[in-house]
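No hydrogens, no waters, no symmetry mates; every other heavy atom, side chains included, goes into these values. In what follows, every chain begins at residue 1, and chains take the letters A, B, ... in the order their sequences are listed.
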Amino acid sequence: MNIFRIRDHLSRFRVGIAGAGGLGSNCAASLARSGIGTIVIADFDILEPGNLYRQYYFTCQLEMFKATALKETIARINPDTLVIAHTVQLNPENIQMIYSGCDVIVEALDEVEMKDMLAETIQEKMPGIPLIMGSGLAGWGNIESLRCRKIDDTLYVCGDETTETTPDNPALAPRVSIVANMQADMVVGILMNKK
Amino acid sequence: MKIMLNNREEEFSIETLSVNQLLALRKLSFKMRIIKINGRLIPREKYESTFIKEGDNVQVIYLMSGG
């Protein structure tokens, strides 16, 4: 299948991204380049200088909401991708409304409690929608330990499932963006198999 | 009983186990994880009252901070 037919196919789908940090921003950029029709992003953070170490933002966007800045960036990458940006904190009450109509959801949150809350809420309120989680991306090296694991048709995990981010083992751009792009690739794979 | 634990067959000398008992027996000590039994995600508050039986497919996914 040539690139135009692939992009045409992907343009018919809507992808939800939970969090617009290192995983979410890099994943969104790749999905927009791949031609995804609609991306729904939720993040309530404001862009700070330290975020530029690994997140897909620019110095001129400092102090903007990340969700708003990412929408602006994606419009520059691919104006045909519609971005719906929510500057809210996700909770069990708003997740279904925010991601309604999404064909796939990418978990790109920082805290483990939030990752767990999202997975439980999607299973309960949006059963059957595939969720692609990120787990284990801190530090550098050991790239061969990064993997994408299909748990079942509704749950996939990308990362090494071992390293957690701490002040002494922070997330760095190369590994975070590899995992973000593993998630993006999983989205593409799921959607290319969808009629 | 025999169960599938993360795609590997595992055998236990007793016939049923709560999720918490399984975690203790297999020393699955990571504090944050997702557990699915036969495709169904088990909420944290049900680890004590949910039981694993012969033939169940149990998936444990470790959640690491960072995003």
Side-chain angles (χ1 to χ4, degrees), chain A residues 17-27 43 45 54-55 106-124 127-128 131 133-139 149-157 159-166 169-172 175-176 179-180 183, chain B:
Chain A
I17 301 181
L23 290 178
S25 61
N26 284 294
C27 184
D43 191 294
D45 262 354
R54 62 186 177 279
Q55 304 183 14
V106 174
E107 178 277 308
L109 300 161
D110 189 25
E111 294 170 12
V112 286
E113 291 79 8
M114 290 291 288
K115 290 173 188 277
D116 183 52
M117 183 278 290
L118 182 76
E120 283 193 20
T121 305
I122 287 172
Q123 162 164 289
E124 187 189 333
L131 175 66
M133 304 192 75
S135 177
L137 46 76
R149 205 154 69 88
K150 177 178 180 174
I151 308 300
D152 54 41
D153 285 338
T154 62
L155 187 63
Y156 301 77
V157 185
D160 61 30
E161 292 181 65
T162 308
T163 55
E164 51 183 340
T165 53
T166 63
N169 193 31
L172 296 179
R175 244 168 160 259
V176 175
V179 174
Q183 291 180 292
Chain B
M1 65 168 179
K2 284 182 185 167
I3 65 168
M4 291 301 286
L5 180 60
N6 282 0
N7 306 319
R8 277 211 311 263
E9 192 175 81
E10 297 243 3
E11 195 161 359
F12 296 88
S13 54
I14 43 178
E15 286 311 297
T16 181
L17 277 173
S18 74
V19 172
N20 271 342
Q21 286 173 310
L22 172 76
L23 295 175
L25 268 174
R26 281 292 176 266
K27 299 188 169 58
L28 302 174
S29 58
F30 284 97
K31 74 172 191 270
M32 287 306 284
R33 54 186 109 63
I34 283 178
I35 293 182
K36 280 192 142 187
I37 302 178
N38 302 328
R40 176 96 200 137
L41 196 153
I42 309 300
R44 198 154 305 274
E45 64 273 15
K46 295 193 176 154
Y47 283 3
E48 199 60 57
S49 60
T50 302
F51 289 88
I52 297 158
K53 306 175 303 296
E54 168 80 26
D56 279 351
N57 177 17
V58 180
Q59 295 272 6
V60 181
I61 302 115
Y62 299 110
L63 298 182
M64 299 294 148
S65 64

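- Only the side chain of A:Met133 comes within contact range of chain B, with at least one heavy atom under 4.5 Å from a heavy atom of that chain.
- With a threshold of 4.5 angstrom between heavy atoms, A:Arg149 approaches chain B through side-chain atoms but not through N, CA, C or O.
- Heavy-atom distances place the side chain of A:Val157, and not its backbone, under 4.5 Å from chain B.
- When A:Thr165, A:Asp152, A:Val179, A:Val176 are compared by the number of non-hydrogen pairs under 4.5 Å with chain B, A:Thr165 comes out ahead.
- Summarising the geometry of B:Ile61 relative to A:Ile151, their closest heavy-atom pair is CG1-CD1, 3.7 Å, with the distance given to 0.1 Å.
- Between A:Gln123 and B:Arg40, the closest side-chain pair of non-hydrogen atoms falls below 4.5 Å.
- Remark: side-chain polar atoms of B:Ser65 are not paired, donor with acceptor, to backbone N or O of A:Asp110 under 3.5 angstrom.
- Annotation: residues 50-60 of chain B contacts chain A through B:Gln59, B:Val60 [non-hydrogen atoms, separation under 4.5 Å].
- Rounded to the nearest 0.5 angstrom, B:Ile34 CD1 and A:Lys115 NZ are separated by 9.5 Å.
- Only the backbone of A:Ala108 comes within less than 4.5 Å of a heavy atom in chain B; its side chain stays farther off.
- Side-chain contact between A:Glu120 and B:Leu41 is present, with at least one heavy-atom pair separated by less than 4.5 Å.
- Annotation for B:Gln21: atom CD counts as buried by contact number, over 12 foreign heavy atoms lying within 6.0 Å.
- Counting heavy-atom pairs under 4.5 Å between each of A:Thr154, A:Asp160, A:Asn26, A:Leu155 and chain B puts A:Leu155 at the top.
- In this structure the side chain of A:Thr163 never reaches within 4.5 angstrom of the side chain of B:Met64, judged on heavy atoms.
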